Each structure stands twice: as structure tokens, then as C-alpha cells.
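Convention: sequence-line order gives letters A, B, ...; per-chain numbering from 1. If you're wondering where the values come from, they're calculated on a predicted model, not measured in any experiment. Scope of the values below: all heavy atoms of this structure, side chains included, with no hydrogens, waters or symmetry mates.
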Amino acid sequence: MAELENTIPDLKIQTCTDPDGTMVLDVDGELDSANVEQLREQVTPVIADPPPCLVFDLAGLRFMDSAGIAVLVQVAAEVNDVRVRDPSPIITRLIDVTGLSGVLKIEK
Amino acid sequence: MGLVLSAAFVVTAAKLYERNEGRLLKLRARELGLVLSAAVPPIQTPLASAAALANATGGDPQKFRALMGPGVGPGRQFASASLWVLGSRRVKPLMVLGEAPQLPAAEARKLFSSHARPRVLSVIGRLQSRSPGIGYEFSTPGAARGFAVYAESRLPRDRRSKLESNTAFSDLNYAVYLGRAADSRELLVTSLKRLPITGRKASQTIPFGDNALTLSVTPRASLSGTFFRDLPWIVGLLGTLVSCAAALLTYRLARGRRRAELLAGNLDRVAAENERMYTEQRGIAQTLQQALLPEVPPELEGLLVSARYVPAASGVEVGGDWYDVIATGDRKVLLVIGDVSGHGLRAATTMASLRHATLAYAAHDPSPAAVLGRLSDFVNAGLHDYFATVLCAMIDVENHRVTLASAGHLPPLVLDGEKGYFLDLAVNVPIGVRRDSPYQEASIVIPALATLVAFTDGLVERRGETVDTGLTRLSRAATRQNLTLQDLVAKLPNDLAFEDHHDDTAIVGVQWQN
């Protein structure tokens, strides 16, 4: 049987809540279609009971493709205020060219 | 002792062969089932789009003909398509395209007067009739008033159809039945002269609207190639040789080496087998994708046209990229290119429904901003976990003008002689992100003899660089070439491809001849 090589890039997700109720999801590593379900699992309970503000801290995220963006967008549909903190220039530009800078507010 | 071991090997290998064949057949049935289930959206979405269009236009027969007409007629998807008023006492079609529907009055009344309507495609077998076929009915869910669309496709009279010998499934015989059982009266199509299937077989039931399809497959020859079928005898023969050699020479080393060689040989064969299966899976993905995408004519309204879809280099999955290029009259051409986030069958079937919905909205009002706005409402009305980037461009061929709107999609490239530049347009949010998203249009003049190339991000995106780097690379690669449009569109994805490419690519080029 074809045993196709499937390299799943490393991904670390940490969640914490600030005293003002803002939820911060710290996403490190690389995020693509191979491991995006890990992030989806983390955000599903968040969408069910949305905080006033949710921050994706992407300072440690080296790569993200459209599958990752899809999860961020899905969260933005349910949570009023979604921010993306310290994304790399590559990710900033990706959010920009996909017309999402109004939906995912970038904070440096 | 060696001979006993050899005999044991023969039995084990034969058993392994049996198990392997059974497992492979189950896998193949599942794959063929996936291909079949992908046939549902291409049936449902034109009907759903036509019903939505009829509801929006108060049942305008001309709009219905414009949308459904190209798919109806001998050799096309449907033999007959008709538009019906829901909940009316007079059960008669408003308009019929192609053959008259073979729908008895009692059944029509049941279909078109009931109020509680499930949100599925109704599938009705007409298998005992003189020209056997399947009927499909769709109306917008929850609508007691409004319109329903009914269409029929015909089946070959003898129900025989062969899988083409060059497809990925040419090693299988199959039979497809309507319903949840392999009932000979409900046979839709088969590749076999004689039924039922005897011997090794596998079955699979696939949901089909409010009905189901049952698929039975049987291998034409050994699925794993002759090597595995012959393995018991190869092992037996070599085992005997090895035993004799051991008994005669008692050189353990020699025996060990021979076994190692045999093992190494087997590994090579297994690697070759893996390679073959991988290629085959890729073949399935490509066949399926091609079935979901349109054939583009080489010329439309005096504009040269070429389009291509390339699956991801590293994957065996289908993707969510699509395109359409259609003439809308008055020497105008509508170009649509889009990309549904994610991969696999779900992305591909979502793509199929977005593709048809876009065409339906364009038939209603072809302004690109209006099309994107309606498409966005359509997606946001339901639960969804994807988004799609879409570029919609109305090309006025005569006046060298393009009016376009972008839902998060990359801008098209213009090639004007030695010069290459990307159209400067406002990028609005992708489809499926937000309700009531506004879409803006830009209207841009294109120089004489210029080429416009629209594409999806798979053509330019690479890990570790900004998208601008990729855009510059594309522009350079495209302007360096002195090629015909066909060759350019065929060559660019190859030139820009790289190893381990995870994304699929769609590319569409149009070229003015004056």
C-alpha cells in the first residue's frame, strides 16, 4: 500500500485570558492544512461562548496558508473584535491581499 | 525442515494475497464511491441555481432558458428540464426545455403541491419506462410559493457502459443501482454483460439526494498486479531452491545472502507498486476535477481564450480552484476565477456549487460587484467553515475595457508587449466572511493586442516569501516568453512549479486580436 510521506509541521498553541476578559491564543510554529485541525479544536469552544475580544498572537508563527486564515475568519464571524498581534511581514501581506485587513485587525 | 518452512510460506503468501486483494477491492469501491458522490453537486447545483433564479425573477422563462439551456439536449447532462409553479392548483410546467418530462400527473401533483419540503434533491427512478431515466426535482427549501425545477437524464437502453480503458478504474467491473440494495430492477448502469456479480466483490452505498446509489464492484484481473498473485509460487520455488542449496552446501552465509537478495527484490517491487498506486490516485483526482470544470472554447466574441487546472504536485487530493469564461452577448465575456479554502472532496464540491451559483447570479445581473454581493449573501445564509476568494470580470471586447470586482482574490496580470503589470483594484473581503459585505468595481482600459491572465494563489505562493515576490516572478516569467496564448497558459504553471507544491492552481488567459 502507498504509505505517503506525511510531514506535519510543528505547531504550539497556548491559551490565556486577560483580566479584562480578552482571550489570547498564542500560536507558534507553522500552520497549514496538515495541522490546521489542531487550531480549529482550540477555537471551537471559544466560538460557542465568545469573549468580547480575541487576540491571535502570531509573533512565533513562521508560516500560515489559506487553511489557517480560514480558521481566523471563522472566529471573526462569531467574535466581534478579533485582532492579530505581531504577524510576520509575510502574514501581514497575506491578510492584506486577501482583503481581510478590515476583519482581522493587525496590532504591532 | 526447509521444505516444511517453504510449504508454510506458500500457504501464508497465498492467504496474504487473498486478504490483500479483498482489502484493495474495498479501497477501490470506496474511491469509485467518492467519484460517484461527487456527481451529486453537478446535478443539484444547476437545479438549485435555476430555482433561485426563478424565485428572484418571478419565474422569467427567458432567464430559465439562458441558465439551463446549454445543459439540456441530446448528449448533454439533461434530456429535459422544466420550470414549475409551487402550490398551484393547475399542475403544469411553466416552461419545458428539451423533451417533454415523463412525469405522470399524480406524481407531479405530489411533487409540486406539497408544502413541507426537505432541503434535498428529490431523485425519482423512471427505470421501467420506455426511455428509462432518472428524474430530479429541486425547489428552494421552505418556499410554499415560488418555483421548482424538474429535470431528467436518460440511461443507455441496455444499461451497459464501459469505463474507458485509460481511466484509473479500468481494472474494475461495476454495477450501479438506485436505492440501498443491489436490486436488478433498479439497475442504472453496468459494465458487465451478466448480473448479479459473482465471486470477489465489494459494495458501497452513497447518499443521492433523498435517495441512494448502491455500487458493486468486482476486479477484472488481479488488482495488485500479477506479482502478488504469483507470489505464493515464487516463494515456493525459491524456498525449495534455498532448502536444497542449504542441505547440499550448508553454507549459512550463502543462504542468508540469497534471502537478503530475495527480500531486496521484493522491496523494489513493493516500491514500484506504491509508485503505481500513487500515480493512479493522482489520476483519480485529476479526472474528478476535470469533470467539475468547464471546457473553455479557444475563441469567444473575438477574444482568444485558454484555461488550465493543475493539481498540487505533492498531493493526491482534489482542490477548490475553479474558473469560467462565458459569452454574455453584445461582444461581452464574463470571466470568473475562484479558490475555495482547503482541499479534498469537500472543497471540490463546495467549488462546484459556488461555480454554478456564480453563473446563475451573472445570468440575473452580470455586474461583477452585484454577482459577488449575491454570492456572498448565498454563502453567508448557511452554516459554513470555508471562505472563497473570487475574481469576477466583465470584459467588453470591442471597447477594450474590463470591469472587475475582487473578493479577496489576487489581481490579474496584463501583458502588453514587453511590459507586464497587475491591475490596480480594490480588494474586498472574500466570500463567506461577513454578511452584507460591499463589493466595489473598477473599470480599466486594456491596450490593443494585450493579454489578461487571471490565476489562483497556487501559481505564485511559496513558503517563506511575501506574495509580492511571487507576483514579480510570475510577471517576469510571463513577459520573457514569446508564446501563443495556449502555450503561455500551459507553460506558466510548469515554469513556476516547485517541488513539494501543496496548492492547486487555476489559470485563465484571454487575448485581444486587435
Side-chain angles (χ1 to χ4, degrees), chain A residues 1-10 29-37 39-44 46-48 61-82 84 87-105, chain B residues 20 23-24 27 224 270-271 273-281 312 314-317 320 339-344 347 380 384-389 406-411 426-430 432-435 437 439 456-458 460-469 471 500 502-503:
Chain A
M1 262 319 287
E3 197 63 61
L4 297 174
E5 206 174 300
N6 203 358
T7 47
I8 296 177
D10 70 303
E30 293 181 25
L31 181 62
D32 66 13
S33 50
N35 62 15
V36 73
E37 285 312 313
L39 181 62
R40 207 184 286 278
E41 262 170 42
Q42 295 275 338
V43 300
T44 307
V46 178
I47 294 177
L61 192 66
R62 296 186 298 278
F63 175 82
M64 173 164 71
D65 70 359
S66 62
I69 294 266
V71 177
L72 268 55
V73 161
Q74 206 188 340
V75 174
E78 304 298 327
V79 181
N80 267 337
D81 192 359
V82 174
V84 177
S88 70
I90 296 174
I91 294 173
T92 308
R93 187 72 184 119
L94 182 64
I95 291 173
D96 201 27
V97 293
T98 39
L100 286 167
S101 37
V103 180
L104 306 167
K105 277 158 250 148
Chain B
N20 199 35
R23 210 188 45 173
L24 276 176
L27 268 175
S224 46
V270 169
E273 200 60 24
N274 278 350
E275 176 69 29
R276 186 182 70 83
M277 283 183 162
Y278 177 78
T279 313
E280 202 172 275
Q281 295 255 352
S314 60
V316 292
E317 281 191 311
D339 181 356
V340 177
S341 63
H343 302 277
N380 283 312
H384 59 283
D385 59 358
Y386 64 89
F387 74 91
T389 69
S406 168
H409 202 86
L410 291 168
V427 182
N428 299 120
V429 293
V433 172
R434 232 168 223 186
R435 265 162 229 262
S437 308
Y439 289 94
T456 57
D457 56 6
V460 293
E461 257 180 27
R462 286 190 199 175
R463 240 167 230 245
E465 60 176 40
T466 68
V467 68
D468 304 274
T469 314
L471 290 175
D500 206 31
H502 282 283
D503 208 358

Work out which heavy atom in Ser341(B) is nearest to a heavy atom in Ser66(A); give both atom names and the distance.
->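 Closest pair (atom of Ser341(B), atom of Ser66(A), distance): CB-O, 4.2 Å.
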So which of Thr469(B), Thr389(B), Val467(B), Asp468(B) has the biggest tally of heavy-atom pairs under 4.5 Å with chain A?
->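 It is Asp468(B).
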Side chain / backbone / both / neither for Ile91(A) at chain B, heavy atoms under 4.5 Å =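 Interface part for Ile91(A): neither.
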Under the side chain to side chain donor-acceptor pair (under 3.5 Å) test, which residues partner Arg463(B), sequence neighbours left out?
->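 Per chain and number, Arg463(B) pairs via side chain to side chain donor-acceptor pair (under 3.5 Å) with Glu30(A), Asp32(A).
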How long is the gap from CG on Asn428(B) to CG on Leu100(A), to the nearest 0.5 Å?
->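 Nearest 0.5 Å value for the CG-CG distance: 11.0 Å.
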Any idea which heavy atoms bring Gly99(A) and Pro430(B) closest together, and the distance?
->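 Looks like O-CD, 4.4 Å.
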Which heavy atom in Ala77(A) sits nearest to a heavy atom in Val433(B), and how many Å separate them?
->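 Residues Ala77(A) and Val433(B), closest heavy atoms: CB-O, 4.1 Å.
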Do you know which of Val71(A), Val103(A), Thr92(A) has the most heavy-atom pairs under 4.5 Å to chain B?
->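 Ranked by heavy-atom pairs under 4.5 Å with chain B, first place is Val103(A).
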Arg62(A) versus chain B, heavy atoms under 4.5 Å apart: side chain, backbone, both or neither?
->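 No part of it gets close to chain B.
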Pick from Leu94(A), Ile69(A), Asp65(A): which one has the most heavy-atom pairs with chain B under 4.5 Å?
->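 The candidate making the most pairs under 4.5 Å is Ile69(A).
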Check whether any side-chain heavy atom of Val97(A) lies under 4.5 Å from a side-chain heavy atom of Leu410(B), and answer yes or no.
->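 Contact flag for Val97(A)/Leu410(B) side chains = yes.
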Interatomic distance, Arg462(B) atom CZ to Ile90(A) atom CD1 [nearest 0.5 angstrom] |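 Rounded to the nearest 0.5 Å, the CZ-CD1 separation comes out at 13.0 Å.
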